[in-house]
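For reference, the structure is listed below as structure tokens.
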Protein chains: 2
Amino acid sequence: MDGDPPGAAVRMRDVARVAEVSTMTVSRALKHPERVSPEVRARVEQAVREVGYVPNRLAGSLSSSRSNVIGLVVPSIDNSLFASTIQGISDVLRRHGHELMIASSGYGAEAEEAAIRAFLGQRVAGLILHDTTHTPEAVAMIRRAGIPVVENGTLTRQPLDMVVSYSNHDAAMAMTRHLLRLRYRRIGFVTLPLAANGRSRDRRRGYAAALEEAGLPFDPRLVLEVPPGLAAGVEALDRLLAAGGDPDAIFFAGDVLAIGAALECTRRGWPVPGRVAIAAFDNIDLLGHLVPPVTTLRLPRHEIGRRSAEVLLDRIEGRAAGPLTVDLRFEIIHRGST
Amino acid sequence: MDGDPPGAAVRMRDVARVAEVSTMTVSRALKHPERVSPEVRARVEQAVREVGYVPNRLAGSLSSSRSNVIGLVVPSIDNSLFASTIQGISDVLRRHGHELMIASSGYGAEAEEAAIRAFLGQRVAGLILHDTTHTPEAVAMIRRAGIPVVENGTLTRQPLDMVVSYSNHDAAMAMTRHLLRLRYRRIGFVTLPLAANGRSRDRRRGYAAALEEAGLPFDPRLVLEVPPGLAAGVEALDRLLAAGGDPDAIFFAGDVLAIGAALECTRRGWPVPGRVAIAAFDNIDLLGHLVPPVTTLRLPRHEIGRRSAEVLLDRIEGRAAGPLTVDLRFEIIHRGST
DNA sequence: ACGGTAGTGGTTACCGCTAACACGATCCGG
DNA sequence: CCGGATCGTGTTAGCGGTAACCACTACCGT
């Protein structure tokens with residue numbers, strides 16, 4: 001089409017030449033249109049289109065020490081639960097002209113530290129971290145950088161800065177209470193590995209708290225820790241029934257475990273809740289479509305993303321200051337499986 | 001701890017002062033350690049740790065006109081199919097010290113253009129686009145930028161640059177053939193909206209091609225277009241059975257449609273494939289756990305991500321040049337539902 | 001008619017880093 | 001023992017923008 005060799009980036013200079021103004025005027029026409037005369041603005045806009053100019057934000061950010069990039073660290077991208085939160089973040093950021101960088105920590109604090117270091121290197125304007133446990137070095141780096149941070153894996157007692165989440169403890173407690181109210185007495189509890197993340201630990205504490213409140217003993221035979229995944233749910237079902245705790249209900253507090261277990265019951269022709277009741281922790285669409293539909297918690301996944309982005313932008317754009325904790329609500333969805 | 005006010009970024013200068021060398025030497029010690037004497041290198045490394053220096057890649061990229069950021073545009077983040085590809089990309093990039101920026105196009109070419117523009121503004125080193133239809137302006141911008149691009153939604157006849165995908169056409173054709181081989185003759189076909197993306201169109205062409213090959217007529221009563229989602233699968237099942245085409249099998253060529261339909265059959269107590277056979281298009285774990293397990297295609301989602309990142313890096317790091325099409329294989333997983 | 005004052009647009013000096021080159025020291029073969 | 005390669009480090013000049021400041025031109029009320 002045109003004679004420019006590919007890769008020959010168009011600079012503001014080129015726009016300035018075509019519009020017959022200085023580069024500073026081009027800069028202003030693009031960032032503060034109201035500060036240049038309508039006539040010049042039109043000339044600049046025309047020139048921008050003519051030469052196909054795309055402003056270099058690396059240069060812009062370096063010069064103004066203002067960035068429009070947000071860094072997000074999630075344990076895993078390949079998980080629909082986080083996907084929903086990411087979508088929420090992304091939606092809000094785009095509306096405000098910000099960009100999103102993503103890294104996954106693989107559930108490890110060292111990998112998280114590496115991701116944070118990389119993001120700080122890119123001089124992100126803010127961070128959103130799903131995990132709430134960080135290496136001391138990571139914390140130090142963030143402090144040094146002085147940028148706002150949102151943690152959103154769980155409500156945490158020692159926030160780095162801002163927190164947007166729901167209480168994993170309260171949610172697990174609420175569901176356990178719900179089962180107790182339905183007269184289940186031997187409630188099994190399955191989590192993801194406790195060592196790996198605070199969320200699982202919070203959930204287990206909530207489960208224990210509800211039992212204690214009801215004056216029931218904590219029976220180790222009723223409690224299990226398994227890796228994520230459908231197959232693990234099946235395995236958990238088997239192991240729990242074999243352990244001798246004789247559960248009348250099982251509360252699967254992680255990922256897709258409940259789905260695996262529920263489907264396995266279908267496969268074996270077991271009545272649910274006749275043989276054993278099943279409750280889940282996630283608001284995965286699917287749970288409502290199983291036979292029977294599975295009781296679960298509605299968690300504000302998408303809203304966590306939205307609100308996280310919002311509070312971050314509020315800080316970045318100077319509309320707010322200081323720590324902040326947003327406690328989003330969850331809700332029990334009672335269905336046929338209990 | 002230390003007296004620095006937060007936000008007072010540590011610059012290379014500061015490291016240089018502490019290590020008693022020039023900034024250039026610090027730069028070298030970090031990027032080309034072998035070009036610096038071991039003694040000086042150690043002093044620099046010590047100083048970096050001491051002052052908590054995190055290199056500013058904005059400045060670095062600006063100066064060297066080399067970026068380590070890759071931009072990815074997917075139709076939607078909130079979809080486990082893309083999530084798996086994203087994870088693949090992310091894994092490879094991290095290993096090579098590159099960063100990932102993500103935007104979603106919401107299945108629209110204009111939104112894609114906006115995302116591409118934003119990424120070019122960040123001077124990304126390369127782009128990965130899931131969609132294969134783009135606005136002319138988007139194409140022009142990419143050409144002008146002269147950066148490598150990978151498209152990975154489907155094998156496309158007119159690639160922008162590189163393509164890493166499988167053939168949606170061939171995959172749909174293979175599954176239709178598979179059903180024909182199993183003696184199904186009235187095969188229903190459900191897709192996502194054809195207007196929205198080329199992938200759906202390719203799949204439908206594949207379905208039609210298999211029918212034609214078998215000498216069977218194309219019956220419009222057997223073909224349906226629905227939005228994504230579990231509920232849509234249920235709806236499709238109903239509408240297809242009501243349409244009078246009398247299907248003996250239904251091939252759901254999109255998202256989680258098949259799951260919705262299969263669960264609905266379970267709910268109604270219909271034998272599958274007795275009442276109607278069901279085939280799906282995605283390798284979602286779950287399909288194998290349903291009752292009966294659902295026949296489907298294994299698609300190289302994760303590998304698409306991995307390979308996309310790899311070919312992109314090959315180009316960026318000068319190990320390869322020129323257009324390239326990588327045709328990844330799919331596989332039929334025959335299970336109880338057919 | 002004058003200083004005051006918006007309102008516009010240009011000039012200069014960086015932002016933090018790196019390419020390219022310059023320079024002195026050491027090393028080498030002939 | 002000298003000329004040229006080699007090594008290690010410093011100097012200079014930007015990369016492409018923007019902040020801060022300055023200069024110029026209306027236009028104002030008194």
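Numbers restart at 1 for each chain; the letters A, B, ... are given by sequence-line order, proteins then strands.
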Nucleotide N/O of nucleotides 15-18 of chain C paired with protein N/O under 3.5 Å:
residue, atom, partner, partner atom, Å
dC15(C), O2, Ser63(A), N, 3.3
dG16(C), N2, Ala59(B), O, 3.3
dC17(C), OP1, Tyr53(B), OH, 2.3
dC17(C), OP1, Asn56(B), N, 3.2
dC17(C), OP2, Met12(B), N, 2.5
dC17(C), O2, Ser63(B), OG, 3.1
dT18(C), OP2, Ser27(B), OG, 2.4
dT18(C), O4', Ser63(B), OG, 2.6

Give the angle between the helix axes at the two ends of the helix from dA1(C)-dT30(D) to dG30(C)-dC1(D), taking five base pairs at each end and rounding to 10°.
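That helix has its two terminal axes inclined by roughly 30°.
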
Does the Thr25(A) side chain pair with the main chain of Val21(A), one donor and one acceptor, at a distance under 3.5 Å?
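No; judged by distance alone, with no hydrogens or angles, the pair does not exist.
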
Do any N or O atoms from the side chain of Ser63(A) and from the backbone of Ala59(A) form a donor-acceptor pair under 3.5 angstrom?
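Flag not set: sc Ser63(A) to bb Ala59(A) has no pair under 3.5 Å.
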
Check whether any side-chain N or O of Ser22(B) sits under 4.0 Å from OP1 or OP2 of dT9(D), and answer yes or no.
no

Name all residues meeting the side chain to side chain donor-acceptor pair (under 3.5 Å) criterion together with Arg41(A); count only those two or more places apart in sequence or in a different chain, and write none if there are none.
none

Partners of Glu110(A) by salt bridge (charged side-chain N to carboxylate O under 4.0 Å, His left out), sequence neighbours excluded?
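Glu110(A): no salt bridge (charged side-chain N to carboxylate O under 4.0 Å, His left out) contacts found.
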
Rounded to the nearest angstrom, tell me the gap between atom CZ in Arg41(A) and atom C1' in dG7(C).
13 Å

Under 6.0 Å from the CD atom of Gln158(B), do we count more than 12 heavy atoms belonging to anything else shown?
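For Gln158(B), atom CD is not crowded (no more than 12 foreign heavy atoms under 6.0 Å).
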
Considering only distance and modelled atom types, tabulate donor-acceptor pairs under 3.5 Å from the side chains of residues 73-82 of chain B, sequence neighbours left out.
residue, atom, partner, partner atom, Å
Ser76(B), OG, Asp78(B), N, 3.2
Asn79(B), OD1, Leu81(B), N, 2.9
Asn79(B), ND2, Asp255(B), OD2, 3.2

Any heavy-atom pair between the side chains of [Y] and [X] that's under 4.5 Å?
X: Ile316(B); Y: Arg66(B); answer: no
X: Asp131(A); Y: Arg199(A); answer: yes
X: Arg301(A); Y: Tyr166(A); answer: yes

Walk me through it: do Leu100(B) and Met101(A) pass the test side chain to side chain contact (heavy atoms under 4.5 Å, CB included)?
CA-CA 6 Å; Leu100(B) 180 61; Met101(A) 296 188 72; over 6 Å; no

Could you list the protein-to-nucleotides 5-8 of chain D atom pairs, N/O on both sides, closer than 3.5 Å?
none

